[in-house]
Amino acid sequence: MYPVDLPALVDTDLTSASEEYLSSLESRPDDNEWFQLSQTSKVAITANHVRRLQLFEDDQPDCPLLALHPPDDPTQVVALYLHENWWHVDDVLRTSSNSRIGLISVQSLTERVIVFLLSQVVERSSQEKVLFSLHRRTESCKLLWRDGQAVGFYTIKHKGSLCDGWSGRCYLLPALDTVLVRRSWRRRGLGLQMLADFCSSFSAEQFLGVSSPLSPSMVAVCRSFLQRHEEHLEHLYEVEAPGGWTQRRNIWLSIQLGRYSLGINEESTPTSGETQRYEDDSSQKTYNCRVDPTSLTPCNVNTYPAIGSSVQQMKACDPSRGGSSPSSKISGTGCSPAAYADDLDSGPPTRPPPSLNTERTLKSNPSPSADSHGEKPEEGTQSSAKRVRRT
């Protein structure tokens, strides 16, 4: 049995048990207990090796979590005090229940401790910064269970939920907020699985969001997902809170216009707080689908997208479907100019640029009108020159 399989903890019980144990530890004589890390290493359980961890962002009332650390590195966590016992961090992430498999909604306090460990402790070294900001006590989360252990999670901002605790603003659409897959479990399609689960959970919603900014690996997962699920091309947006139309950018359109550095399977760390961290299945490869800025007209991707024709237009700019190579620039061939942002928002272009073959034909076979226009200025110039000589 592991902590998550034991009877559910209550905030007040965890707080009182932690405070009582810490008080007894501070008054204990020098004959210390030891926590066995492995067959060759152990850590003395003393007040100097125990510290309180803040579990939630809005930690009111206070809900401390006692953590044991080695004497030479106070930032490292090797064990947690739960159910009146010390548990190795790896054991806190495990389960003995065969029913815990796949994505399961977080309900108990111990499950929230597991989300805390994944986001704050186990996926960073002592030199790295914390991956995510703390989650709220009531954060909507799902844990991903594989082979008897928690291997990832994602959190959601529900439509109508508060953006923060002071402005009174509410989210205008459901948003996938934070995601993590453990390093040892990446490149197995788990990030793609969580994105698909999020979208299927809100199938009745017309538009869905992914919290901004998107990491390169997150962009890669979105691209792979949208290629497989074309029904979401016009409905998945990168959003900033609260998610109004001026705070949305269509993810597929942004990929086609080269607004992201498209890092396929890139294991980059998130920059801060709410940044997403994902994995992807394909081989390591980085490329950009760049758009020639001189060929674009001013655009606004935050307006309501045109339904119908825009799907076909966006698919035309997918480098994986043929046309130009991923590293080539869009200049009239390859990625179609029909993927321009203002075209997608208001309808198909009225006059697409001529193809490369047309340009060559015009150059090799000049029209008579072009010749006549080219000769008249020359005659006018000669006659004016003659009049000057006569003068």
**Student:** If you compare all heavy atoms of Phe35 against all heavy atoms of His88, which two are closest, and at what distance to 0.1 Å?
**Tutor:** CZ-N, 3.7 Å

**Student:** List the atom of Thr15, the atom of Cys63, and the distance in Å for their closest heavy-atom pair.
**Tutor:** OG1-CA, 3.7 Å

**Student:** Is Pro70 close to His49 at the side-chain level, that is, under 4.5 Å between some pair of heavy atoms?
**Tutor:**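 No, their side chains stay 4.5 Å or more apart.
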
**Student:** Tell me, do Leu208 and Leu176 make a side-chain contact under 4.5 Å, heavy atoms counted?
**Tutor:** no

**Student:** Could you tell me whether the side chains of Asp177 and Tyr154 share a donor-acceptor contact shorter than 3.5 Å?
**Tutor:**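 Absent: no donor and acceptor within the cut-off.
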
**Student:** Is it the case that more than 12 heavy atoms not belonging to Glu84 sit under 6.0 Å from its CD atom?
**Tutor:** no

**Student:** So, does Ser161 use its side chain to make a donor-acceptor pair with the main chain of Lys157 at under 3.5 Å?
**Tutor:**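 Absent.
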
**Student:** If you round to the nearest 0.5 Å, how far is CG of Leu103 from OG of Ser201?
**Tutor:**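 If I round to the nearest 0.5 Å, the distance is 8.5 Å.
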
**Student:** If you look at every heavy atom in Pro71 and Val43, which pair is closest and at what distance?
**Tutor:**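 Scanning both residues, the minimum pair turns out to be CD-CG1, 4.4 Å.
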
**Student:** Leu117 and side-chain contact (heavy atoms from CB on, under 4.5 Å): which partner among Leu65, Leu53, Asp90, Leu93?
**Tutor:**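 Result: among Leu65, Leu53, Asp90, Leu93, Leu93 is the only option passing the side-chain contact (heavy atoms from CB on, under 4.5 Å) with Leu117.
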
**Student:** Taking the six-membered ring for Trp and the single ring otherwise, decide whether the centroids of Trp86 and Tyr81 are under 6.0 Å apart.
**Tutor:** yes

**Student:** Flag the pair Leu25 / Thr46 as yes when at least one side-chain heavy-atom distance between them is below 4.5 Å, and no otherwise.
**Tutor:** no

**Student:** Cut-off 3.5 Å, side chains only: do Thr75 and His69 have a donor facing an acceptor?
**Tutor:**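 Looking only at side-chain atoms, His69 and Thr75 do not form any donor-acceptor pair under 3.5 Å.
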
**Student:** Whether the Ser217 and Ser215 side chains hold a donor-acceptor pair (N or O, under 3.5 Å, no angle test) is what I'd like checked.
**Tutor:**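 Yes, because at least one side-chain N or O of Ser217 sits under 3.5 Å from a partner of the opposite role on Ser215.
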
**Student:** For Asp164 and Gly168, work out which heavy atoms get closest and say how close.
**Tutor:** OD1-N, 4.1 Å

**Student:** Hey, is CG on Asn98 packed in by over 12 heavy atoms from elsewhere, all under 6.0 Å?
**Tutor:** no

**Student:** When you look at CD1 of Ile101, are more than 12 heavy atoms from neighbouring residues, nucleotides or ligands closer to it than 6.0 Å?
**Tutor:**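 Counting neighbours around CD1 of Ile101, 12 or fewer heavy atoms of other residues, nucleotides or ligands fall under 6.0 Å, so no.
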
**Student:** Return the CZ to CG distance between Arg137 and Leu55, rounded to the nearest 0.5 Å.
**Tutor:** 7.5 Å

**Student:** Quick one: does Val239's side chain get under 4.5 Å of Val210's, heavy atoms only?
**Tutor:** no

**Student:** Can you name the ring pair (Phe, Tyr, Trp, His ring centres under 6.0 Å) partners of Tyr171, sequence neighbours left out?
**Tutor:**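 With neighbours one apart ignored, the set is empty.
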
**Student:** Is a side-chain donor or acceptor of Arg136 paired with a backbone partner of Phe56 at a separation under 3.5 angstrom?
**Tutor:**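 Flag not set: sc Arg136 to bb Phe56 has no pair under 3.5 Å.
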
**Student:** Go through the steps for Ser38 and Ser41 under the test side chain to side chain donor-acceptor pair (under 3.5 Å), then give the verdict.
**Tutor:** CA-CA 5 Å; Ser38 64; Ser41 62; 2.9 Å; yes

**Student:** With sequence neighbours left out, write down each residue that passes ring pair (Phe, Tyr, Trp, His ring centres under 6.0 Å) with His229, or none if nothing qualifies.
**Tutor:**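 Checked His229 against ring pair (Phe, Tyr, Trp, His ring centres under 6.0 Å); matches are Phe225.
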
**Student:** Determine whether Leu214 and Tyr260 satisfy the following criterion, side chain to side chain contact (heavy atoms under 4.5 Å, CB included), listing intermediate values before the conclusion.
**Tutor:** CA-CA 8 Å; Leu214 272 63; Tyr260 302 122; 4.2 Å; yes

**Student:** Looking at CG of Leu236 and CZ of Arg249, how far apart are the two atoms once the value is rounded to the nearest 0.5 Å?
**Tutor:** 13.0 Å

**Student:** Kindly determine whether Ser97 and Thr95 satisfy side chain to side chain donor-acceptor pair (under 3.5 Å), including the steps that lead there.
**Tutor:** CA-CA 6 Å; Ser97 174; Thr95 180; 4.8 Å; no

**Student:** Distance check, rounded to the nearest 0.5 Å: Glu238 atom CD versus Leu253 atom CG?
**Tutor:** 11.5 Å

**Student:** Assess whether side chain to side chain contact (heavy atoms under 4.5 Å, CB included) is satisfied between Leu180 and Glu123, documenting all intermediate values.
**Tutor:** CA-CA 9 Å; Leu180 180 137; Glu123 287 302 302; 4.0 Å; yes

**Student:** Would Leu172 and Trp245 show up in the same hydrophobic cluster when neighbours are defined by side-chain heavy atoms closer than 4.5 Å?
**Tutor:**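 No: no chain of side-chain contacts under 4.5 Å links Leu172 to Trp245.
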
**Student:** Please walk me through it: do Leu80 and Leu66 pass side chain to side chain contact (heavy atoms under 4.5 Å, CB included)?
**Tutor:** CA-CA 6 Å; Leu80 295 179; Leu66 296 185; over 6 Å; no

**Student:** Would you say the ring centroid of Phe202 lies under 6.0 angstrom from that of His235?
**Tutor:** no

**Student:** Please tell me if the side chains of Val179 and Met218 come closer than 4.5 Å, counting only heavy atoms from C-beta onward.
**Tutor:** no

**Student:** Are the side chain of Gln247 and the backbone of Ala241 linked by a donor-acceptor contact shorter than 3.5 Å?
**Tutor:** yes

**Student:** Hey, could you give me the CD/CG distance between Gln149 and Leu144, rounded to the nearest 0.5 Å?
**Tutor:** 10.5 Å

**Student:** Measure from the side-chain N and O atoms of Ser27 to the backbone N and O of Ser24, and report whether any donor-acceptor pair falls under 3.5 Å.
**Tutor:**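 Yes: the side chain of Ser27 pairs with the backbone of Ser24.
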
**Student:** ring-ring contact (aromatic ring centres under 6.0 Å, His included) for Trp145 and Phe153? Distances and angles first, verdict last.
**Tutor:** CA-CA 9 Å; Trp145 295 91; Phe153 72 88; over 10 Å; no

**Student:** Can a donor-acceptor pair be found between the side chains of Ser96 and Asp5 at a distance below 3.5 Å?
**Tutor:**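 Result is yes, a qualifying pair exists.
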
**Student:** Looking at Trp87 and Leu82, would you say the former's side chain and the latter's main chain have a donor-acceptor pair under 3.5 Å?
**Tutor:**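 Between the backbone of Leu82 and the side chain of Trp87 there is a qualifying donor-acceptor contact (under 3.5 Å).
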
**Student:** Check whether any side-chain N or O of Arg186 sits under 3.5 Å from a backbone N or O of Val181 as a donor-acceptor pair, and report yes or no.
**Tutor:**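 Between the backbone of Val181 and the side chain of Arg186 there is a qualifying donor-acceptor contact (under 3.5 Å).
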
**Student:** Ring centres under 6.0 Å, that's the criterion: do Trp252 and Tyr237 meet it?
**Tutor:**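 No - the distance between ring centres of Trp252 and Tyr237 does not fall below the 6.0 Å cut-off.
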
**Student:** Can the positive tip of Arg188 be found less than 6.0 Å from the middle of the six-membered ring of Trp185, inside 45° of the ring normal?
**Tutor:**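 Geometry flag: set, cation within 6.0 Å and 45°.
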
**Student:** Return the minimal non-hydrogen interatomic distance between Cys222 and Leu195, and the atom names on each side.
**Tutor:**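 Looks like CA-CD2, 4.0 Å.
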
**Student:** Can a side-chain donor-acceptor contact be found between Ser108 and Thr110 if the only test is distance below 3.5 angstrom?
**Tutor:**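 Absent: no donor and acceptor within the cut-off.
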
**Student:** Under the 3.5 angstrom rule, does the side chain of Arg146 hit a backbone N or O of Leu190 as a donor-acceptor pair?
**Tutor:**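 Absent.
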
**Student:** May I have the step-by-step check of salt bridge (Lys or Arg N to Asp or Glu O under 4.0 Å) for Lys142 and Glu111, ending in yes or no?
**Tutor:** CA-CA 9 Å; Lys142 280 191 175 183; Glu111 289 172 329; over 6 Å; no

**Student:** Does any non-hydrogen side-chain atom of Glu57 lie less than 4.5 Å from one of His135?
**Tutor:**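 They are not in contact (no side-chain heavy atoms under 4.5 Å apart), so the answer is no.
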
**Student:** Tell me, do Leu14 and Val10 make a side-chain contact under 4.5 Å, heavy atoms counted?
**Tutor:** no

**Student:** Give the minimum heavy-atom separation between Arg112 and Cys141, together with the two atoms involved.
**Tutor:**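 So the minimum-distance heavy-atom pair works out to NH1-SG, 4.0 Å.
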
**Student:** Between Asp73, Leu68, Val121, which is the residue that forms a side-chain contact (heavy atoms from CB on, under 4.5 Å) with Val78?
**Tutor:** Leu68

**Student:** Side-chain heavy atoms nearer than 4.5 Å, only ILVMFWY residues, links allowed to pass through others: does that put Val122 and Val106 together?
**Tutor:**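 Yes, it is one cluster - the side chains of Val122 and Val106 are joined through contacts under 4.5 Å.
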
**Student:** Would you say Thr155's side chain and Thr178's backbone share a donor-acceptor pair under 3.5 angstrom?
**Tutor:** yes

**Student:** Could you give the distance from CG (Asn250) to CG (Leu226), rounded to the nearest 0.5 Å?
**Tutor:**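 One finds 8.0 Å between CG of Asn250 and CG of Leu226.
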
**Student:** Taking the side chain as every heavy atom from C-beta outward, state whether Gln120 and Leu134 have any pair of such atoms under 4.5 Å apart.
**Tutor:**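 The answer is yes, as the side chains (C-beta and beyond) meet within the 4.5 Å cut-off.
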
**Student:** Taking NZ, NE, NH1 and NH2 as the nitrogens, is one of them in Glu19 or Arg52 under 4.0 Å from a carboxylate oxygen of the other?
**Tutor:**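 Salt bridge between Glu19 and Arg52, a charged N being under 4.0 Å from a carboxylate O: yes.
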
